[in-house]
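Below is one structure, written out as structure tokens; the observations come after it.
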Amino acid sequence: MRLFWRRGAIRTGIEILLIEAGKTYEDIDEFVVAGAFGTYLDLKAAIEIGMFPDIPESRFVQVGNAAGTGAQMMLLSDKKRAECKVMTERMEYVELTTHPKFKEILINSMNLRKISPGNKLI
């Protein structure tokens with residue numbers, strides 16, 4: 001049961017962020033998968049079970065410990081700190097659990113089926 005919740009939660013976050021950004025799967029140029037989870041994840045399997053969108057595998061990048069690498073870059077580079085400051089000023093917080101479609105998307109995300117642009121969650 002945990003697999004369904006984790007997969008559903010990840011997919012729900014992706015779907016809501018796409019809605020909030022006004023984007024579709026086709027608009028995703030690069031899908032970054034970070035952390036130990038992302039490092040050892042089988043991308044084909046994640047796409048097949050619907051955890052990740054059905055986009056070409058070439059658009060996925062597994063980066064490992066992005067938080068640790070980012071922290072090192074920030075400590076060592078004034079330029080990177082300035083770039084980060086500009087990015088943080090453009091960011092918006094999205095509370096997933098209060099989104100009007102959260103429950104609907106979460107429930108649909110827990111189905112074990114491949115989800116593609118022609119087979120949307122909502």
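Along the sequence shown, the residues carry numbers beginning at 1.
Remark: Met87 CE to Lys80 NZ distance equals 8.0 Å, nearest 0.5 Å. Between Ile55 atom CD1 and Glu30 atom CD the span is 10.0 Å, to the nearest 0.5 Å. Distance check: Leu17 CG to His99 NE2 gives 9.0 Å after rounding to the nearest 0.5 Å. For the atom pair NZ (Lys85) and CD (Glu83), the distance works out to 13.5 Å, reported to the nearest 0.5 Å.
Scanning all heavy atoms of the two residues, the minimum distance from Thr12 to Gly8 falls at OG1-O, 2.6 Å. Closest approach of Leu43 to Gln62, counting heavy atoms only: CD1-OE1, 3.7 Å. In terms of heavy atoms, Gly38 sits closest to Val33 at CA-CG1, 3.2 Å. The two atoms that bring Met74 and Cys84 nearest to each other are SD-CB, 3.5 Å, heavy atoms only. Between Pro53 and Ile14 the shortest heavy-atom distance is CD-CD1, 4.2 Å. Of all heavy-atom pairs spanning Glu20 and Val94, the tightest one is CG-CG1, 3.9 Å.
Linking ILVMFWY residues whenever their side-chain heavy atoms come closer than 4.5 Å, directly or via other members, leaves Ile107 and Ile49 in distinct clusters.
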Test side chain to side chain contact (heavy atoms under 4.5 Å, CB included) on Ile19 and Ile105 and set out the steps. CA-CA 11 Å; Ile19 290 169; Ile105 295 171; 3.8 Å; yes
Where do Phe102 and Ile16 land on the side chain to side chain contact (heavy atoms under 4.5 Å, CB included) test, with the steps shown first? CA-CA 7 Å; Phe102 174 77; Ile16 291 174; 3.9 Å; yes
Side chain to side chain contact (heavy atoms under 4.5 Å, CB included) between Phe60 and Leu41, worked out: CA-CA 11 Å; Phe60 287 88; Leu41 183 70; over 6 Å; no
Derivation of the side chain to side chain contact (heavy atoms under 4.5 Å, CB included) call for Ile28 and Leu18: CA-CA 9 Å; Ile28 300 172; Leu18 285 172; 4.2 Å; yes
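A salt bridge links Glu15 to Arg11: at least one charged side-chain nitrogen sits closer than 4.0 Å to a carboxylate oxygen.
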